[in-house]
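I have placed the structure first, in the form of structure tokens, so that the comments after it can refer back to it.
Just so it is clear, the structure is predicted and the values come from calculations on it, not from any experiment. Below, chain A is the first sequence line, B the second, and so on; all start at residue 1.
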Amino acid sequence: MRRLRCVVGRLPGGRIGVADLDPSGTELRRLTLDPEELPALIAQREETPGDPLTGGPRWVWSDTPTWYDSVLRSGVRAGRCHDLRLVHTILQHSQLVQEPADIRAAIAWETGPIVPAESRPAEATLFDLEAGSSGPGSVPHDLDAALAELARQDRAIGTSTDPGRLRLLAAAESAGALVAAEMHGAGMPWDVAEHDRILAEALGPRPSPGQAPSRMVEVAAEVRAALGDPLVSLDSPPKLLRALHRAGIDVASTSQWELSEQEHPAIEPLLRYKKLSRLLTANGWTWIDEWVREGRYRPLYIPGGVVTGRWASNGGGALQIPRQLRPALRADPGWRLVGADVSQLEPRVLAAMAGDQAMAAAAAGQDLYAGIVASGVVTTRQEAKVGVLGALYGGTSGDSGRIVPRLRTTFPAAMGLVDAAAATGERGGDVSTWLGRSSPPADQEWRQRQNSAYLPDADPREGERARRIARDRGRFTRNFVVQGTAAEWALAWLAGLRLRLARLPMLDDASAPASGPAFSRQAHLAFFLHDEVIVHAPQEQADAAAQAIREAADAAGELLFPGSPVDFPLDLQISDRSGKG
DNA sequence: CGACACTGCGCG
DNA sequence: AAAGCGCGCAGTGTCG
């Protein structure tokens, strides 16, 4: 059953048009309204007693943040959407699309990764729908342009080799855009006092501006004493490297993995100094001042920001918050954090895609690596992990180089799939995820190097270089199919979770400080990181939220891989703080 | 002074 | 300078 679609776009003169389309694409009616009337219209159309958000139409618009942020600020949520910009990006390169000419010709929709207009807490008043909004980094917001692009996308999907998969991908990607906008609106509940406590414990109390924290000063002195160099800068890699050489420490770089292999009294304090320095510069007091407002950290999430389909983020390094600071992610009083991550998502996705019976059997328990040990191909969990990561990333040497060939005999279908993806990439071909997102074509320079390496008078070093970058691309495409399909699974998980949470009752009075009307009275997503979600839930909804997370994971598996024996077990905790169950 | 490249390290 | 994928961000250094 295909639902009603409501295409939203700008009209000449600053009004907004909403065109209702039946499943065949025929326009049934058209409304005209002022921009500030849009939230009310959406609220009215979403209103389905007892089934909030799930019974409404699919809103079609140029770009989700452009239209949806203001709607959200009015306290209104949309159930489903179709983000023309994101779907355009997918269809443009998808190998499943057999007639890409129209889509590719619509260059106005070719935006690449979005340029965050304003990621600082201030926020621009969305409808900056003036001239210039069709420049680079933007898309056409007019209703006519949206209708034309939607028609192109419908045709591209309808004539593709697998319309079902591309429709699912379009819906999942677009649902991700709704989640991203909502998570930005809600923010992560951030406990500044706890963050400060963690910093002070590691670094000493907050120093006055321009001063180094006391613990760092002490550790730096230890390093300088051990190097016999009282003035050396530890913050400049070139200077530090020279100082290390003067002290007789033979390293090619100052990276921690290389330093840690050295025996010298300066190494231990230097590594400690680097840890402290990283904590201070990346997530120190300055970070708190810059990013946390009224108990909320609000990064910008960027769906489709990574070529594989993973999200990127902007503002404060949301996807790289160190584990050490996780306890600062803390529920409001009377609320709980419900956190869940998928155990070994990528190898499970690979087993399902490849239909690898042996790998599916190994995945049957909570711990896939234990299952691989049980299969007898390796003897320790560590070997299983190194081997699987080597298979996914294209490891050829060291431990993974020894173990991966053994996996080939035990899991031939799974290994065949990633090996084939690597071979295709090395040849300059493209690969696609399970739902049809395709790898970016090899660029001109890459092709140039492959061609010139085989000319009769080519320098042998050119040939070596060509083979090396060919292997580099092979590792990329090998990983692309798995990382990208895992991202699709995660989008399906998020999409299902979001709608399940929306069915939970709105509380009459939640004791939480308002973070926007739509988020202060109901369990909502607060964080997402590739294979992990955190839901911020009123205490009385915590169990229901946990149940929703589990159901959504099962549903995602069934949606992508119907009938597959591979399941996707979760590690789930309910707590007032993240980082500890 | 800004733009850019590079290093290094946090996350999955 | 990971032998093996994908990111964002801060700091340093270089160039114009």
If you look at every strand shown and take non-hydrogen atoms under 4.0 Å, does A/Leu345 touch a base, only sugar-phosphate, or nothing? nothing
Salt bridge (Lys or Arg N to Asp or Glu O under 4.0 Å) against A/Asp472, all qualifying residues, sequence neighbours excluded: A/Arg468, A/Arg475
List in numerical order all residues of residues 259-276 of chain A for which some heavy atom is under 4.0 Å away from an atom belonging to DNA chain B. A/Lys274, A/Lys275
Starting at the 5' end of DNA chain C, which residue's closest nucleotide do you reach first, A/Ser255 or A/Asn479? A/Ser255
Protein-nucleotides 2-6 of chain B N/O pairs under 3.5 Å:
none

Looking across every strand, which nucleic acid part, if any, lies under 4.0 Å from A/Ser277 by heavy atom: base, sugar-phosphate, or nothing? nothing
Residues that A/Phe561 engages under ring pair (Phe, Tyr, Trp, His ring centres under 6.0 Å), provided they are two or more places apart: A/Trp434
Does A/Arg272 form a side-chain contact (heavy atoms from CB on, under 4.5 Å) with A/Glu222? I'd like the steps, not just the answer. CA-CA 10 Å; A/Arg272 226 175 338 123; A/Glu222 287 183 55; 3.1 Å; yes
Counting only non-hydrogen atoms, which of residues 527-535 of chain A are less than 4.0 Å from DNA chain B? A/Leu529, A/His530, A/Asp531
Does the pair A/Asp191/A/Arg197 count as a salt bridge with the N-to-O cut at 4.0 Å? no
Is it true that A/Arg449 and A/Asp443 make a salt bridge, defined as a side-chain N closer than 4.0 Å to a carboxylate O? no
Residues two or more places apart in sequence or in another chain: which of them pass ring pair (Phe, Tyr, Trp, His ring centres under 6.0 Å) with A/Phe568? A/Trp489
Indicate yes or no for a side-chain donor-acceptor contact from A/Ser277 to the backbone of A/Lys274 under 3.5 Å, with no hydrogens or angles considered. no
By ring pair (Phe, Tyr, Trp, His ring centres under 6.0 Å), which residues pair with A/Trp285, not counting sequence neighbours? none
Whole-Å C1' distance, C/dA1 and B/dT7: 11 Å
Would you measure the distance from the C1' atom in B/dG12 across to the matching atom in C/dG4 and give it in whole Å? 15 Å
Please list, chain by chain and in numerical order, all residues satisfying salt bridge (Lys or Arg N to Asp or Glu O under 4.0 Å) with A/Glu488, sequence neighbours excluded. none
Does A/Arg298 pair with A/Glu182 as a salt bridge, N-O distance under 4.0 Å? no
Run the side-chain contact (heavy atoms from CB on, under 4.5 Å) test on A/Leu572 and A/Val338 for me, step by step, so that the C-alpha distance in whole Å, both residues' side-chain angles and the decisive distance to 0.1 Å come before the verdict. CA-CA 7 Å; A/Leu572 192 145; A/Val338 187; 4.2 Å; yes
Quote, to the nearest angstrom, the P distance that separates B/dC6 from C/dA2. 14 Å
Can you confirm whether more than 12 heavy atoms, excluding those of A/Asp289, are under 6.0 Å from its CG atom? yes
When we call it a touch if two heavy atoms are under 4.0 Å apart, what does A/Thr254 touch: a base, just sugar-phosphate, or nothing? sugar-phosphate
With A/Phe480 via ring pair (Phe, Tyr, Trp, His ring centres under 6.0 Å) - residues at least two apart: A/Phe476
Would you mind classifying the nucleic acid contact of A/Gln483 as base, sugar-phosphate or nothing, using non-hydrogen atoms under 4.0 angstrom? base
Reckon A/Gly316 touches a base, only the sugar-phosphate, or nothing at all at heavy-atom distances under 4.0 Å? sugar-phosphate
Return the set of residues passing salt bridge (Lys or Arg N to Asp or Glu O under 4.0 Å) with A/Arg278 (not counting sequence neighbours), or none when no residue passes. none
note: A/Gln256, atom CD; B/dT7, atom P; distance rounded to Å ~ 16 Å
Under a 4.0 Å N-O cut-off, is there an ion pair linking A/Asp229 with A/Arg246? yes
Inspect the contact between A/Glu383 and A/Arg402 and indicate whether a charged nitrogen and a carboxylate oxygen are less than 4.0 angstrom apart. no
Atom-to-atom span, NZ of A/Lys239 to C1' of B/dT7 - whole angstrom: 15 Å
Note: chain A reaches DNA chain C at heavy-atom distances under 4.0 Å over the stretch, first to last nt, 5' to 3', of C/dA1 to C/dG13
Classify the ring geometry between A/His195 and A/Trp287 as parallel (under 30°), tilted (30 to 60°) or perpendicular (over 60°). tilted
With pairs taken as Watson-Crick or G-U wobble and both distances under 3.5 angstrom, which stems of at least three consecutive pairs involve DNA chain C? B:1-12 with C:5-16
If each of A/Gly390 and A/Trp311 is mapped to the nucleotide of DNA chain C with the nearest heavy atom, which maps nearer the 5' terminus, i.e. the 5' end? A/Gly390
Rounded to the nearest Å, what distance is computed from the NZ atom of residue A/Lys385 to the P atom of nucleotide B/dG12? 10 Å
A/Tyr297 OH to B/dC11 P, straight-line distance once rounded to whole Å: 14 Å
Once you apply a heavy-atom cut-off of 4.0 Å, does A/Glu346 come out as touching a base, just sugar-phosphate, or nothing? nothing
Indicate, yes or no, whether a donor-acceptor pair under 3.5 Å links the base of B/dG12 to the side chain of A/Arg310. yes
